[in-house]
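Quick caveat, the model's predicted, so the values are computed rather than measured. Convention: sequence-line order gives letters A, B, ...; per-chain numbering from 1.
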Amino acid sequence: MTPHLLASSTTPLSFSLPSFPSQRTHYIPSHVYKHPTAILLELCTSMKELQQFLPLIIKNGLYKEHLFQTKLISLFCKFGSLTDAVKVFELVEDKVDPMYHTMLKGHVHHSSLASALWFYSGMISDGVLPVVYNFSYLLKSCADNFNVKAGKMIHGQLIVNGFSRNVFAMTSVVHMYAKCGVIEDAYKMFERMPERDLVCWNTVMAGYAQNGMLNRGMELFLQMQEVEGHRPDEVTVVSILPACANFGSLKMGMSIHGYVTKSGLESFVNVETALVDMYAKCGQVGTARLVFDRMTCKTVVSWNTMIDGYAQSGNSEEALKLFDGMLDEKLRPSNVTVMAALTACADLGDLHRGQEIHALINQLELGSAVSVINSLISMLRTKWACDQSFESLL
DNA sequence: TTAGGGTTAG
């Protein structure tokens with residue numbers, strides 16, 4: 001039994017299909033491409049819609065075609081039902097490579113790194129040639145799981161399969177090492193790349209910044225422009241500004257702000273939000289507010305950043321005023337918003353306001369998040385501690 | 001099948 005078969009679930013399908021017959025030839029009749037069902041599937045945006053189209057696929061015998069089999073696998077994965085995708089995959093007798101590639105993507109996105117690695121090994125033992133996308137997905141999963149051991153193994157597979165000069169694959173390798181904290185290896189791989197575009201420069205620069213080497217990150221910010229003539233984009237500045245914020249480096253943050261103004265990157269809402277965060281964390285909450293007020297478009301993240309900027313810098317009254325302003329704008333608060341507002345209530349010892357926010361949390365069904373519950377407990381504990389110290393004075 | 005980098009809290 002191949003490993004991917006072991007990954008199957010015993011859960012019944014949410015629909016019933018006849019067994020897929022073996023398709024000896026890779027020829028796909030032109031009527032399949034012209035069939036309206038193919039177009040309907042392309043336009044499918046939900047599991048509900050897909051289930052409505054399934055009878056059409058069965059009625060027209062389209063389930064016999066590789067094109068539709070692969071599309072079904074892809075759509076089940078897209079809508080999060082890996083179980084159904086696995087069932088379809090297993091029913092096909094003569095699988096084609098794209099089916100394996102789609103299933104691997106599904107495992108990465110809707111299961112665990114372990115199951116994706118298991119599926120990959122099954123794919124190789126079935127004689128399927130990996131494509132560069134496979135490595136991008138697998139390395140991203142290793143990075144997200146901080147699993148450098150698995151990352152190294154995939155890096156080895158990538159070399160064996162001839163992708164060590166591919167800019168997409170190698171950027172994923174650099175990202176994986178950097179995210180796992182092995183920045184020296186990330187840089188070694190970056191140096192060996194025959195072609196380095198803005199994305200891989202951004203990746204290695206963000207790697208240094210996020211691993212606490214802000215000066216080196218800043219050096220690369222300048223080097224990418226001076227040595228290779230790349231123009232840092234919105235991703236570059238959004239990658240380095242949080243490091244300036246977290247290290248309280250106002251000087252570097254202001255220098256990035258200068259670049260933002262010069263390059264016309266202010267139109268990006270995430271750039272402006274990162275600037276608000278940087279100023280607030282560097283102790284310049286007034287400047288943060290100026291940047292915030294000048295934003296032509298604000299997202300919930302922008303509001304959260306400013307509210308929390310006030311709350312963390314002891315401007316709790318302002319934080320709550322801005323929180324009210326956000327509600328007046330009819331914006332839906334997120335977990336981060338209510339956590340920031342609760343921090344402000346705790347600082348003020350304002351139990352009444354805290355209870356109002358608690359009611360809002362219940363109304364918006366935000367109370368299941370552990371982080372929100374922790375903030376609520378923290379607010380109540382602070383109030384209790386205030387009352388205790390007050391009583392002890394009496 | 002159709003790819004790689006980025007913002008708020010903890």
*Separation of A:W303 atom CH2 from B:dT7 atom C1', in whole Å?*
17 Å
*Looking at B:dT8, B:dA9, B:dG4, which one has an atom nearest to any side-chain atom of A:C200?*
B:dG4
*Out of B:dA9, B:dT7, B:dT1, which nucleotide sits closest to the side chain of A:V238?*
B:dT7
_Just the rounded figure in Å: distance from C1' of B:dG4 to OH of A:Y177._
16 Å
*Looking only at side-chain atoms of A:D197, point me to the closest of B:dT8, B:dG6, B:dG4.*
B:dG4
*Between B:dG10, B:dT8, B:dT1, which nucleotide has the shortest distance from any of its atoms to the side chain of A:K281?*
B:dT8
*Measure centre to centre between the rings of A:F292 and A:W303, then say whether the value is under 6.0 Å.*
yes
*When you check the side-chain N and O atoms of A:Y279 and A:R289, is any donor under 3.5 Å from an acceptor?*
no
_Partners meeting side chain to side chain contact (heavy atoms under 4.5 Å, CB included) with A:D277 (sequence neighbours left out)_ = A:A245, A:K281, A:T305
*Taking CG from A:D233 and P from B:dT7, how many angstroms apart are they, rounded to a whole number?*
13 Å
*asked:* If we ignore hydrogens and angles and just use 3.5 Å, is the side chain of A:K95 paired with the main-chain N or O of A:F89 as donor and acceptor?
replied: yes
*Strictly under 6.0 Å, is that where the ring centroids of A:H107 and A:Y120 end up?*
no
*Look only at the side chain of A:N134 and the backbone of A:V131, and say whether a donor-acceptor pair between them is shorter than 3.5 Å.*
yes
_side chain to side chain donor-acceptor pair (under 3.5 Å) partners of A:D328, counting only residues at least two apart_ = none
*Calculate the interatomic distance between A:M103 atom CE and B:dT2 atom P; express it in whole Å.*
14 Å
*For atom CG of A:L198 and atom C1' of B:dG6, their distance in whole Å*: 11 Å
*Can you find a donor-acceptor N/O pair under 3.5 angstrom joining the side chain of A:S239 to the base of B:dG6?*
no
*asked:* Please report the distance, rounded to the nearest Å, between CG in A:L41 and P in B:dT1.
replied: 12 Å
*May I ask you to list the residues of residues 134-141 of chain A, by number, that have any heavy atom positioned under 4.0 Å from an atom of DNA chain B?*
A:S136, A:Y137, A:K140
*asked:* Just the rounded figure in Å: distance from P of B:dG10 to CD of A:Q312.
replied: 5 Å
*Check the side chains of A:T337 and A:S334 for a donor-acceptor pair under 3.5 angstrom, ignoring hydrogens and angles.*
yes
*Considering only side-chain heavy atoms of A:T171, which listed nucleotide, B:dT1, B:dG6, B:dG4, is closest?*
B:dG4
*Mind checking A:V167 for me? I need base, sugar-phosphate or nothing, with any heavy atom below 4.0 Å counting as a touch.*
base
*For DNA chain B, determine which residues of residues 250-279 of chain A have any heavy atom closer than 4.0 angstrom to one of its atoms, and list them numerically.*
A:N270, A:T273, A:D277
Validation: residues 176-193 of chain A side-chain donor-acceptor distances under 3.5 Å, sequence neighbours left out:
residue: A:Y177; atom: OH; partner: A:H155; partner atom: ND1; Å: 2.9
residue: A:K179; atom: NZ; partner: A:D144; partner atom: OD1; Å: 3.3
residue: A:Y187; atom: OH; partner: A:R216; partner atom: NH2; Å: 3.3

*What residues join A:I373 in its hydrophobic cluster, counting side-chain heavy atom gaps under 4.5 Å, either direct or through other members?*
A:I377
*The side chain of A:H175 lies closest to which of these nucleotides: B:dG6, B:dA3, B:dT1?*
B:dG6
*Counting just side-chain N and O atoms, does A:K105 come under 4.0 Å of either OP1 or OP2 of B:dA3?*
no
*Could you tell me whether the side-chain ring of A:Y133 sits stacked on the base of B:dA3, using a centroid cut-off under 5.5 Å and a plane angle under 30°?*
no
*Can you tell me how far C1' of B:dG10 sits from CG of A:N246, to the nearest Å?*
12 Å
